[in-house]
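Every chain is numbered from 1, with letters handed out A, B, ... down the list of sequences.
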4 protein chains.
Amino acid sequence: MLEQNQIWDQLSLDKEEFTPKQKKIIAAAIEIFAEKGYAATSTSEIAKKAGVAEGTIFRHYKTKKELLLSIVAPMMAKMIAPLVIKDINRVLDKDYDTLEDFLRAMIKNREAFVEKNILLFRILVQELPFQKELQEQFLEHIAAKIYIRMEKVVMHYQEKGEIMVMPSKTVIRLFLSTIFGHLIARFFIVSSEEWEDEEEMERTIQFLVKGLSE
Amino acid sequence: MLEQNQIWDQLSLDKEEFTPKQKKIIAAAIEIFAEKGYAATSTSEIAKKAGVAEGTIFRHYKTKKELLLSIVAPMMAKMIAPLVIKDINRVLDKDYDTLEDFLRAMIKNREAFVEKNILLFRILVQELPFQKELQEQFLEHIAAKIYIRMEKVVMHYQEKGEIMVMPSKTVIRLFLSTIFGHLIARFFIVSSEEWEDEEEMERTIQFLVKGLSE
Amino acid sequence: MLEQNQIWDQLSLDKEEFTPKQKKIIAAAIEIFAEKGYAATSTSEIAKKAGVAEGTIFRHYKTKKELLLSIVAPMMAKMIAPLVIKDINRVLDKDYDTLEDFLRAMIKNREAFVEKNILLFRILVQELPFQKELQEQFLEHIAAKIYIRMEKVVMHYQEKGEIMVMPSKTVIRLFLSTIFGHLIARFFIVSSEEWEDEEEMERTIQFLVKGLSE
Amino acid sequence: MLEQNQIWDQLSLDKEEFTPKQKKIIAAAIEIFAEKGYAATSTSEIAKKAGVAEGTIFRHYKTKKELLLSIVAPMMAKMIAPLVIKDINRVLDKDYDTLEDFLRAMIKNREAFVEKNILLFRILVQELPFQKELQEQFLEHIAAKIYIRMEKVVMHYQEKGEIMVMPSKTVIRLFLSTIFGHLIARFFIVSSEEWEDEEEMERTIQFLVKGLSE
DNA sequence: GATGAATGAGGTTTCATTCAT
DNA sequence: AATGAATGAAACCTCATTCAT
């Protein structure tokens with residue numbers, strides 16, 4: 001079973017809002033959804049794992065889908081947290097002299113986040129293609145915001161001459177697919193014993209810095 | 001409905017082996033699996049779309065899962081086709097002078113392949129996390145073979161000084177995630193009107209070449 | 001929502017006996033039972049409409065059926081009120097010279113009663129076929145009493161030569177179905193704008209008087 | 001269990017259209033719906049009584065409500081059969097000299113019909129207040145047609161001086177409530193041993209003839 | 001090879017009722 | 001008196017699969 005404290009802290013949900021049984025339901029649902037996928041998970045299975053009557057699930061969530069969304073939606077909000085810095089320009093000027101420094105901070109931070117939320121991350125990635133509600137939320141609230149913020153960052157480093165002249169859309173795509181590839185290899189493919197974390201991260205950063213340079 | 005000829009050609013299945021009803025079943029299954037996912041698709045839905053009685057599906061496939069596998073498995077084989085060249089060394093020596101040429105040929109080829117098989121590609125990517133049988137097949141027959149072949153390629157260009165010294169695993173990871181990111185952006189995210197194919201491909205190639213160079 | 005005073009007055013229930021929440025429960029139950037029928041009404045729906053917790057209903061009524069009976073039973077008692085006159089013979093001699101006068105008074109009185117209790121009347125009529133308890137109550141306490149009283153009335157007017165010689169059972173049946181038909185047309189079928197109350201009532205009375213006359 | 005032949009004949013349904021199991025389902029549903037009401041009847045109960053798996057019901061009817069409607073709707077059509085005579089005027093001229101003859105024929109015919117379909121009649125009467133679909137069908141296809149035909153009949157006998165001058169709506173209402181009252185007393189209230197059929201019918205006819213006369 | 005009726009296990013959801021607070 | 005979380009039985013319905021034709 002999940003160490004539950006983690007979930008509530010990460011999703012910054014007010015722990016008090018949930019009854020103990022509800023917390024068990026959420027924890028159980030996360031584990032099974034991640035393992036089998038939403039459609040292949042039965043509510044009776046969740047109830048059993050949570051040690052709860054099946055009816056109890058439906059006291060708290062009108063439908064099975066509502067349970068899924070209540071779990072995944074807050075996760076999406078948290079994903080863009082590091083980009084919701086109020087004045088990202090100032091941060092860029094002061095905190096990160098070079099693109100390399102910025103990338104290193106970014107990757108470390110997101111890697112830590114995903115590490116603490118692997119299961120939620122899995123569910124999000126796996127269900128995004130099927131759940132219209134998630135897609136809408138993702139496009140409206142997440143993708144748009146990420147894009148606006150990253151465009152600023154890209155232009156900032158293009159002005160400084162660290163990123164070659166190229167449409168920022170393309171830069172963002174190349175950047176995101178490299179990061180995603182890194183995270184997916186790290187958490188879903190390569191077994192953790194084989195993975196040399198520091199070295200791989202440095203190589204990924206070097207690859208990005210060189211690939212994007214003029 | 002799919003233009004069906006395509007499927008049989010691409011999967012190099014002997015068209016004669018299938019009854020007309022069976023072909024309709026396969027075509028229908030591909031479309032619905034891709035749209036809703038395997039677990040959320042019912043056999044009755046497939047039967048209806050195929051214009052076939054429910055029982056007919058089970059004449060040809062013992063179970064629903066067998067139907068899925070019979071669709072996805074040949075797809076996996078085809079995916080590695082360009083790497084199953086008998087003597088890849090010779091090809092490298094003669095055909096592609098530079099890494100850039102090799103990458104260009106490779107990406108164009110795979111892009112064409114995925115374009116003709118988007119639906120099958122979707123199903124593969126979406127079901128891989130859930131279907132043990134697919135994972136096994138993928139690891140044993142696909143991933144391993146790809147890895148062996150690509151390692152040769154990587155070492156070949158490392159010797160030529162076009163790729164920096166780095167574990168080939170890492171090179172392959174960086175390479176694949178860039179290509180995958182390219183394909184996913186191309187086929188699943190960016191609307192086809194907005195996508196400037198030639199330019200994006202060139203930028204992706206430049207990014208790879210520079211990122212991997214010494 | 002019902003104007004609640006009406007209910008308590010009509011049913012001559014001691015208003016003081018009920019807590020405010022209980023009154024809301026009764027009012028809500030009447031409305032929903034009348035609209036959807038007892039079996040298709042859920043206690044949670046009643047609770048929501050009453051603005052009360054689900055448990056509260058079961059503080060006051062052991063079961064859902066007890067709630068129904070507590071609502072409909074007093075209604076039945078009230079229905080026969082005008083016939084529970086202690087010495088109906090005296091009344092007949094003095095108050096109503098002719099059958100016509102008697103019928104007119106009777107119909108006006110019952111029409112007014114039903115008008116003030118349409119919802120309760122609906123529930124009674126709709127549930128009578130299904131609730132054994134109601135049927136028993138109805139047969140023992142209502143039907144029997146009505147019959148005994150009406151038999152006296154019928155014989156009274158037969159002696160006066162205003163009703164033809166015929167078994168009183170048949171007279172009562174013809175009389176009741178005419179009245180019921182009148183009430184049902186008035187309250188359930190014909191829209192109130194189209195209904196010419198005075199005229200229809202007179203025609204119904206004429207029909208009865210003539211139909212029953214020698 | 002119902003004698004099944006009756007149902008199919010009465011509803012003039014093509015017996016061949018139904019599988020044996022489906023016929024059992026319909027017969028079982030009719031009995032239980034009539035006894036307990038639609039809402040209080042469970043599909044599992046119907047399945048058990050029909051000797052059929054529960055799933056079988058839903059192969060033939062998408063929902064429980066569809067089962068209900070498929071049973072009651074044809075019944076409504078049959079109810080107005082005797083009025084759907086192509087040229088009702090001719091029939092009136094030739095066949096029935098007096099109102100009394102007409103009424104006698106009519107009542108006997110409908111009594112026979114209801115007798116053969118008591119259960120269906122019960123279901124119809126009991127569910128009409130709750131099922132919007134039934135109400136719509138009833139108003140559009142039944143009530144309107146009945147009204148049009150009966151108006152002709154009423155005017156016919158008014159011209160012959162056998163019915164007093166009065167809005168035909170009112171005549172029809174008085175007529176229908178008397179007939180309904182007769183049928184309900186006959187089939188739902190008075191036990192069959194006590195009911196003197198011929199006599200009661202004659203009295204009802206006399207009552208109507210006199211009540212409606214000038 | 002093809003059908004489609006039939007199945008029964010299991011799916012999601014509803015519901016009357018209980019009980020600790 | 002009132003709450004509302006919790007229950008578990010049962011509701012309606014879906015589904016993969018079987019089988020006689």
Side-chain angles (χ1 to χ4, degrees), chain A residues 18-22 24-25 39-47 50-67, chain B residues 18-22 24-25 38-48 50-67, chain C residues 18-22 24-25 38-48 50-67, chain D residues 18-22 24-25 39-47 50-67:
Chain A
F18 299 93
T19 69
K21 300 252 170 187
Q22 189 170 6
K24 281 188 192 167
I25 290 168
T41 299
S42 76
T43 50
S44 81
E45 208 178 348
I46 297 172
V52 151
E54 215 174 335
T56 307
I57 294 177
F58 292 93
R59 287 250 122 218
H60 293 290
Y61 305 93
K62 273 201 285 290
T63 63
K64 188 184 152 194
K65 181 163 278 170
E66 197 182 294
L67 172 60
Chain B
F18 300 94
T19 70
K21 300 253 170 189
Q22 189 170 7
K24 281 188 192 166
I25 290 168
Y38 168 77
T41 298
S42 75
T43 50
S44 82
E45 207 178 348
I46 296 172
K48 203 188 294 168
V52 148
E54 283 209 55
T56 308
I57 294 177
F58 293 91
R59 289 255 123 221
H60 295 288
Y61 306 93
K62 269 206 290 291
T63 64
K64 185 183 155 195
K65 181 163 280 170
E66 199 182 293
L67 172 59
Chain C
F18 299 95
T19 70
K21 300 253 170 188
Q22 189 169 5
K24 281 188 192 166
I25 290 169
Y38 168 77
T41 300
S42 75
T43 50
S44 82
E45 206 179 348
I46 297 172
K48 204 190 292 169
V52 149
E54 283 209 56
T56 308
I57 294 177
F58 292 91
R59 290 254 121 221
H60 295 288
Y61 306 94
K62 270 206 289 292
T63 65
K64 185 183 154 193
K65 181 162 278 170
E66 199 182 294
L67 172 59
Chain D
F18 300 93
T19 69
K21 300 252 170 187
Q22 189 170 6
K24 282 188 192 165
I25 290 168
T41 299
S42 77
T43 50
S44 83
E45 205 178 350
I46 296 172
V52 150
E54 212 175 338
T56 307
I57 294 177
F58 293 94
R59 286 250 122 218
H60 293 290
Y61 305 94
K62 274 202 285 291
T63 62
K64 187 184 153 194
K65 180 163 279 170
E66 198 181 294
L67 172 59

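- Counting any heavy atom pair closer than 4.0 Å across all strands shown, Ser42(C) reaches sugar-phosphate atoms only and no base atom.
- Here dC15(F) presents its P atom at 11 Å from CD1 of Ile46(B), a figure rounded to the nearest Å.
- As rounded to whole Å, 9 Å separates atom P of dG8(F) from atom NZ of Lys21(A).
- The side chain to side chain donor-acceptor pair (under 3.5 Å) test applied to Lys65(D) returns Gln131(D), not counting sequence neighbours.
- DNA chain E is contacted by His60(B) of residues 60-67 of chain B, taking any non-hydrogen atom closer than 4.0 Å.
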### Task
Could you give me the CA-CA distance, side-chain angles and deciding distance for Lys64(C) and Glu54(C), then say whether salt bridge (charged side-chain N to carboxylate O under 4.0 Å, His left out) is met?
CA-CA 11 Å; Lys64(C) 185 183 154 193; Glu54(C) 283 209 56; over 6 Å; no
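- Proximity of Thr43(D) to the phosphate of dC13(F): no side-chain N or O atom is located under 4.0 Å from OP1 or OP2.
- Both Val52(C) and Ala53(A) lie close to DNA chain F; mapped to their nearest nucleotides by heavy-atom distance, the more 5′-ward contact belongs to Val52(C).
- Between dT17(E), dA2(F), dA2(E), one nucleotide has an atom nearer to the side chain of Phe58(C) than all others, and that is dT17(E).
- Remark: P of dC13(F) and CD1 of Ile25(D) are 14 Å apart, rounded to the nearest angstrom.
- Checking dA16(F), dA6(E), dT7(F) against the side-chain heavy atoms of Thr56(A) singles out dT7(F) as nearest.
- The distance between atom CD of Glu54(D) and atom P of dA11(F), rounded to the nearest whole Å, is 8 Å.
- Of all heavy-atom pairs between Lys62(A) and Phe58(A), the closest is O-CD2, 3.5 Å.
- Counting only Watson-Crick or G-U wobble pairs whose defining distances are both under 3.5 Å, the stems of 3 or more consecutive pairs in DNA chain F are E:2-21 with F:2-21.
- Ser44(A) has no side-chain polar atom (N or O) that falls below the 4.0 Å cut-off from OP1 or OP2 of dT12(E).
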